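For reference, the structure discussed in these notes is given below.
Note that this is a predicted model, so its numbers are computed, not measured. Letters A, B, ... mirror the listed sequences (proteins, then strands); counts begin at 1. Reckoned from all heavy atoms, side chains included, excluding hydrogens, waters and symmetry mates.
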Amino acid sequence: MNERYEPQSIETRWQERWARAGVFKAGRRPQAEPRYVLEMFPYPSGAMHMGHARVYTIGDALARWLRMRGHDVLHPIGFDALGLPAENAAIKDGRHPAERTAENIVSFRAEMKRLGYAFDWDREIVTADPSYYRWNHWFFVKMLEKGIVYRRQGKANWCTGCMTVIANEQVVDQACERCSSQVVDKVIGEWAFRITSYAEQLLAGLDGLTEWPERITTMQRNWIGKSTGAEVDFAVQGGAEKIKVFTTRVDTIFGCTYVVLAPEHPLTAALTRPERRPEVEAFVARMKKTEAAERTGEGAPKEGVFTGAHAVNPFTGETVPVWIANFVLAEYGTGAVMSVPAHDQRDFEFARKYALPVRTVIQPVAGERTPPGELLAAATTEDGVTDGSGAFSALPSAQARERMSAHAAAGRFGGSTVRWHLRDWGFSRQRYWGTPIPIIYCETHGAVPVPLDQLPVTLPPQAIITGTGEPPLAKVPEFVETTCPTCGKPARRETETMDTFVDSAWYYARYLSPRDATQPFDRELARRWLPVDVYVGGPEHAVMHLLYFRFWHRVMHELGLTAEPEPCRRLVTQGIVNGPDGRKMSKRWNNVVAPGYMVDRFGADTVRLFMLFAAPPEKDIDWSDEQVDGLFRFLTRVWRLFHGRQACFAAPEAAAAQASGPFLELRRRTHRTIKKVTEGMQQDLKFNTAISALMELMNELQGLEPNGEAEQAAVREALLALATLLAPFAPHVAEELWHEMQGPAAADRLLAEEPWPAFDAALTVADTVTIAVQVNGKLRGDVQVPAAATEAEVRAAAEAQEKVQGYLAGKAVKKVVYVKGRLINYVVAG
RNA sequence: GGGCGGGUGGCGGAACUGGCAGACGCGCGGGACUUAGGAUCCCGUGCCGAAAGGCGUGAGGGUUCGACCCCCUCCCCGCCCACCA
């Protein structure tokens with residue numbers, strides 16, 4: 001055994017051994033309970049960074065642990081290779097994305113192997129491979145048949161940087177989520193998934209996801225954005241048109257003093273009276289020119305113009321003016337609102353600005369009455385009791401809403417309705433590096449899906465990538481020109497490609513049978529492995545990938561491919577790895593630390609331990625060279641410890657039972673450590689405290705010099721536990737030390753698949769306990785008593801202490817609280 | 001504005017179900033070994049205090065024999081959403 005810990009000299013060796021033995025292949029234990037551990041697959045547009053090292057280390061520790069617990073573990077990896085970022089990066093350095101991506105994948109694979117990740121590499125998938133994306137085609141065709149895919153014409157989000165349409169989920173503050181360029185509206189045709197038909201299911205399904213972080217389910221809930229309210233038609237005075245408004249507060253309708261349309265509302269032009277036309281047109285034109293963020297941002301001042309038209313409130317028969325204003329969004333609700341300035345803050349501000357009447361119609365359930373509109377300083381937006389609302393007066397808001405909705409429905413001028421924030425997922429991309437959309441346009445037959453037996457539609461290698469906005473595939477005649485599958489006449493292929501999020505929506509299922517040429521994945525295997533047991537990834541995917549992923553799984557479930565409607569049981573969202581300065585690692589701050597460089601310096605085990613020890617998985621961490629030094633030092637100490645105790649390796653196991661004194665304490669520590677690490681992993685992935693328990697065990701071992709068989713056996717037991725418990729976290733050094741201990745007898749075994757140790761419950765409880773002694777809740781001493789001591793014995797021992805006596809002397813003891821094994825508290829007078 | 005997290009030593013973080021706050025690591029101080037130490041080992045390390053002791057989990061209040069933990073009021077930080085009618 002080498003005296004010095006040199007990770008470089010052992011890590012590669014064990015990686016090769018594991019690979020040769022195939023220990024990480026899934027399906028090797030058909031009798032065992034299966035576990036599917038998945039980390040979000042990487043997007044190889046650049047090199048592997050610390051964030052990747054963190055996710056995969058977390059997943060890997062878990063997968064390795066589950067394997068040792070006896071499970072049949074599926075822990076696959078692949079590459080999310082298609083998509084805009086890869087294409088943009090390739091354009092930037094003038095290379096073909098296929099070439100660049102392939103290079104990046106080679107480097108990722110090497111780095112991952114160097115970190116010792118227990119992946120089943122036989123199952124690796126690359127989404128850019130036609131054998132993968134042909135199943136995107138397959139799903140597209142199936143979904144087209146079912147009406148889940150459709151072509152629509154309309155305003156779409158156009159990213160001015162990526163020169164393509166992007167999905168709603170990819171727009172952040174009017175900018176592109178990827179490249180931060182401005183996003184503008186563009187009228188264009190696009191393909192979309194009818195995810196909105198699944199809104200109700202996707203929302204309801206969240207209730208069952210009890211092992212997802214609440215913040216993620218909340219974000220999804222908000223994004224789906226169910227809002228229950230009412231629609232009410234306001235007839236335009238002197239015209240045939242009706243203005244349909246959406247409100248969640250129909251109980252306030254008697255307080256409606258005007259109606260507002262969005263500038264883009266289709267009725268705007270028709271309603272405007274001739275004398276108001278110039279002003280209205282100027283306003284609308286100005287709004288169209290103003291950037292959306294500026295126009296509708298919360299800070300933007302409310303602005304509007306009167307159309308000259310009036311509409312009739314069907315509840316009151318009253319006539320109210322119709323305005324156009326910047327704060328009403330065309331795409332939400334009906335693009336028109338009934339304004340109730342007394343009970344909506346936006347309406348209130350607008351009414352004050354343009355001197356419109358304010359009428360109070362809701363009174364608080366208890367307390368002071370709300371003053372009349374003229375005297376209000378702000379809107380009162382809480383529910384209350386209706387007032388001045390005709391036949392609907394004196395009703396609690398909720399009840400008023402019900403009755404008023406029913407009234408509107410009965411009179412056929414409205415009724416209750418549900419609105420969603422979620423929109424359909426537009427997935428057309430006017431770019432090259434994506435899955436071609438398998439559609440052929442025929443003059444006679446229109447848009448014809450490519451028949452299943454003619455799939456895949458392969459991405460032509462020679463596309464000219466310009467990023468100019470016109471689909472690059474349109475410039476490849478050999479690709480575009482084809483014949484209609486229905487009539488055989490000349491026809492043209494669709495030149496748009498699919499959003500990358502299509503690839504990642506179902507990849508986890510492809511891992512089940514990655515080379516299957518007849519179906520997207522094997523249903524029988526799906527029954528065994530799905531849903532995913534634990535999914536690890538970044539919280540930034542809360543409303544993009546994770547929503548599409550759930551949507552797609554439901555579609556697969558409907559297609560009869562999966563048994564369960566949800567794709568994954570437990571979600572773990574890991575925090576960011578910041579630079580040593582606490583700022584996000586970035587070239588800009590010059591604080592990037594490359595995982596490969598750290599593996600070179602300290603070995604994979606140290607890097608892995610850092611990732612797990614720094615903080616619980618969900619917290620952000622700062623890279624710290626000092627902490628890394630500390631963890632390397634820990635492994636060095638472990639190494640030396642084993643080296644110095646080689647004499648114990650052969651001690652007979654049974655002799656440990658004879659150990660006494662500090663060596664019995666050591667045995668207790670050993671079993672408590674097994675218990676702590678096991679339970680920590682089971683409950684909450686408490687890697688950080690698990691590792692700290694191993695450090696404690698090591699510290700205790702370091703102070704002991706065993707003599708004789710019994711003591712040596714106790715040490716042997718502790719060393720064996722230490723090596724075994726370390727295996728999920730620092731697998732290489734654990735494997736090496738374990739083999740050193742086991743000797744040639746275990747030469748053909750591997751710790752990676754040895755059983756996880758069990759603890760002896762009898763040894764996890766101490767025979768002596770320290771009881772804290774309190775007087776009036778303040779700590780005044782402690783006593784050592786046998787664990788089995790009775791309350792009377794503990795009292796006697798406590799009261800025998802001089803110091804305690806000092807606090808009790810001359811005082812009347814009113815009460816004694818005794819908590820077994822923990823403390824005794826004397827409550828005294830004065 | 002809404003939602004969700006969070007606030008504990010110099011730092012990262014521990015703390016069972018309301019029961020000895022600060023495990024473990026880093027850093028720091030002291031010592032040993034050494035030609036040397038940025039290697040290694042040992043000891044110490046919440047704050048104030050010479051000590052006795054007192055004070056301490058963002059602030060203030062409450063419940064309790066006992067509160068980082070439960071309740072109320074407030075402050076601050078992070079993330080997500082946001083003129084959503």
Side-chain angles (χ1 to χ4, degrees), chain A residues 4 172-173 213-223 225-227 229-230 245-250 252 260 262 295-302 325-329 331-340 343-347 349-350 381 419-421 539-540 542-543 573 575-576 582 609-610 613-616 618-622 624-631 633-634 636-637 640 676 679 686 688-699 702-703 770-782 813-828:
Chain A
R4 288 187 52 195
V172 179
D173 293 336
E214 198 184 83
R215 69 189 197 103
I216 302 293
T217 50
T218 304
M219 278 162 71
Q220 289 215 352
R221 206 166 269 125
N222 292 340
W223 187 261
K226 182 177 185 172
S227 148
V245 303
F246 172 68
T247 178
T248 54
R249 290 298 304 275
V250 70
T252 65
V260 192
R295 195 183 102 190
T296 60
E298 203 174 358
K302 296 184 177 31
N326 61 340
F327 70 91
V328 176
L329 311 174
E331 58 281 5
Y332 188 78
T334 57
V337 301
M338 62 168 213
S339 283
V340 183
H343 305 296
D344 181 285
Q345 189 57 26
R346 291 157 307 177
D347 297 346
E349 286 166 29
F350 193 80
T381 55
R419 292 278 160 181
W420 302 88
H421 173 265
E540 67 276 12
V543 288
T573 49
I576 294 169
L609 279 185
F610 174 78
F613 184 68
E618 60 282 358
K619 286 201 73 166
D620 288 355
I621 58 178
D622 295 346
S624 156
D625 286 330
E626 289 81 12
Q627 286 281 348
V628 173
D629 284 340
L631 290 160
R633 207 172 305 154
F634 166 61
T636 305
R637 281 190 203 132
R640 267 204 310 265
K676 179 162 186 188
E679 290 176 355
K686 291 188 170 182
N688 56 339
T689 51
I691 293 166
S692 78
L694 298 179
M695 289 171 168
E696 288 180 272
L697 178 58
M698 183 204 66
N699 288 341
Q702 257 181 344
T770 307
I771 305 283
V773 183
Q774 295 183 341
V775 177
N776 283 346
K778 289 206 182 288
L779 184 68
R780 297 302 181 192
D782 53 48
V813 174
K814 291 199 295 191
K815 188 175 171 183
V816 177
V817 181
Y818 173 63
V819 182
K820 195 172 185 308
R822 296 204 174 271
L823 61 72
I824 183 158
N825 186 16
Y826 293 87
V827 185
V828 301

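The same atom, P, is picked in B/rG62 and in B/rG56; the two are 14 Å apart, to the nearest Å. If you take atom C1' in B/rG7 and the same atom in B/rA21, they sit 16 Å apart, rounded to whole Å. Between B/rG54 and B/rA39, the distance separating the two C1' atoms is 42 Å to the nearest Å. Going from the P atom of B/rA23 to that of B/rC16 covers 15 Å, rounded to whole Å. Using C1' as the reference atom, B/rG46 and B/rC41 are 26 Å apart when rounded to the nearest Å. Here, B/rC26 and B/rC80 have their P atoms 33 Å apart, quoted to the whole Å. Separating the P atom of B/rG1 from that of B/rA67 is a span of 35 Å, rounded to the nearest Å. A gap of 14 Å separates the P atoms of B/rC71 and B/rC4, to the nearest Å.
As the counterpart of B/rU35, no nucleotide is assigned, since no Watson-Crick or G-U wobble pattern has both distances under 3.5 Å. When both pairing distances are held under 3.5 Å, B/rU57 makes no Watson-Crick or G-U pair with any nucleotide shown. B/rC4 is paired with B/rG78 under the Watson-Crick or G-U wobble criterion, all donor-acceptor distances under 3.5 Å. The partner of B/rC28, taking Watson-Crick or G-U wobble pairs whose two distances both stay under 3.5 Å, is B/rG44. The nucleotide B/rA21 finds no pairing partner, because no Watson-Crick or G-U wobble arrangement with both distances shorter than 3.5 Å includes it. Nucleotide B/rC69 is matched to nothing when pairs are restricted to Watson-Crick or G-U wobble geometry with both distances under 3.5 angstrom. The nucleotide B/rA14 finds no pairing partner, because no Watson-Crick or G-U wobble arrangement with both distances shorter than 3.5 Å includes it. As the counterpart of B/rU63, no nucleotide is assigned, since no Watson-Crick or G-U wobble pattern has both distances under 3.5 Å.
With B/rA85, B/rC65, B/rG25 as the choices, the nucleotide that has an atom nearest any side-chain atom of A/Thr247 turns out to be B/rA85. When distances run from any side-chain atom of A/Lys302 to the nucleotides B/rC83, B/rC4, B/rC80, the shortest one goes to B/rC83. Proximity note for A/Arg780 (side chain, C-beta onward) versus B/rC65, B/rG54, B/rA85: the nearest is B/rG54. For A/Glu626, the listed nucleotide lying nearest its side chain is B/rC26; candidates were B/rA82, B/rC26, B/rC4. Considering only the side chain of A/Asn699, B/rG25 comes nearest among B/rC79, B/rG25, B/rC83.
Atom pair A/Leu631:CG and B/rG27:C1' shows a separation of 14 Å (rounding to whole Å applied). Note: NZ (A/Lys778) to P (B/rA21) measures 10 Å, nearest angstrom. Rounded to whole angstrom, the span from the CD1 atom of A/Ile691 across to the P atom of B/rC26 amounts to 13 Å. Atom CG of A/Asn222 and atom C1' of B/rG2 are 8 Å apart (whole Å). Residue A/Lys820 contributes atom NZ, which lies 24 Å from atom P of B/rC65 at whole-angstrom precision. Between the C1' atom of B/rA85 and the CG atom of A/Asn326 lies a distance of 14 Å, rounded to the nearest Å. Between the P atom of B/rA23 and the CE atom of A/Met698 lies a distance of 16 Å, rounded to the nearest Å. The separation between A/Asp347 atom CG and B/rA85 atom P is 12 Å, rounded to whole Å.
Because its NZ or CZ atom is both nearer than 6.0 Å to the ring centre of A/Phe246 and within 45° of the ring axis, A/Arg419 counts as a cation-pi partner of that residue.
The base of B/rC65 has none of its N or O atoms less than 3.5 Å from a complementary donor or acceptor on the side chain of A/Lys814. Under 3.5 Å, the side chain of A/Arg346 and the base of B/rA85 form at least one donor-acceptor pair of N or O atoms.
A/Asn222 contributes no side-chain N or O that, together with a main-chain N or O of A/Gly225, makes up a donor-acceptor pair within less than 3.5 Å. The main-chain N or O of A/Ile824 is never found under 3.5 Å from a side-chain atom of A/Gln774 such that the two would form a donor-acceptor pair. Within the 3.5 Å criterion, the main-chain N or O of A/Ile576 finds a donor-acceptor partner in the side chain of A/Asp620. Judged by distance alone, with hydrogens and angles left aside, the side-chain atoms of A/Asn326 form a donor-acceptor pair with the main-chain N or O of A/Pro301 at under 3.5 Å. With hydrogens and angles ignored, the 3.5 Å screen pairs no side-chain donor or acceptor of A/Asn825 with any backbone N or O of A/Val816. Between the side chain of A/Arg822 and the backbone N or O of A/Thr770, no donor-acceptor pair lies under 3.5 Å. Under the 3.5 Å distance criterion, the side-chain polar atoms of A/His421 are matched with a main-chain donor or acceptor of A/Trp223.
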Close N or O pairs between protein and nucleotides 13-20 of chain B (under 3.5 Å):
from   : atom 1 : to       : atom 2 : distance (Å)
B/rG13 : OP1    : A/Lys619 : NZ     : 3.2
B/rG13 : O3'    : A/Asn688 : ND2    : 3.3
B/rA14 : OP1    : A/Asn688 : ND2    : 3.0
B/rA15 : OP1    : A/Lys686 : NZ     : 3.3
B/rC16 : O2     : A/Arg822 : NH2    : 2.3
B/rC16 : N3     : A/Arg822 : NH1    : 3.3
B/rC16 : N3     : A/Arg822 : NH2    : 2.8
B/rC20 : N4     : A/Thr770 : O      : 3.4

Just the table, please: protein N/O against nucleotides 39-43 of chain B N/O, every pair under 3.5 Å.
from   : atom 1 : to       : atom 2 : distance (Å)
B/rU40 : O3'    : A/Arg640 : NH2    : 2.8
B/rC41 : OP1    : A/Arg637 : NE     : 3.1
B/rC41 : OP1    : A/Arg640 : NH2    : 3.1

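A distance of 11.5 Å separates CG in A/Leu697 from OG in A/Ser692, rounded to the nearest 0.5 Å. In this structure, the separation between CG on A/Asp782 and CD1 on A/Ile771 is 9.5 Å, given to the nearest 0.5 Å. Separating the CG atom in A/Asn776 from the OH atom in A/Tyr826 is a distance of 12.5 Å, to the nearest 0.5 Å. Atom CZ of A/Arg346 is separated from atom OG1 of A/Thr381 by 10.0 Å, given to the nearest 0.5 angstrom. Atom CD of A/Glu618 sits about 7.0 Å away from atom OG1 of A/Thr573, to the nearest 0.5 Å.
Residue contacts for A/Glu214: at a heavy-atom cut-off of 4.0 Å it reaches the sugar-phosphate backbone alone, with no base atom in range. Counting non-hydrogen atoms under 4.0 angstrom, A/Val337 reaches a base of the nucleic acid.
Remark on RNA chain B: of its neighbouring residues A/Met338 and A/Gly777, the 5'-side contact belongs to A/Gly777, judged by nearest-heavy-atom nucleotide. Taking for each of A/Gly630 and A/Glu349 the nucleotide of RNA chain B with the nearest heavy atom, the 5'-most of the two is the partner of A/Gly630.
For B/rG9, the O4'-C1' to base torsion is within 90° of 0; the nucleotide is therefore syn.
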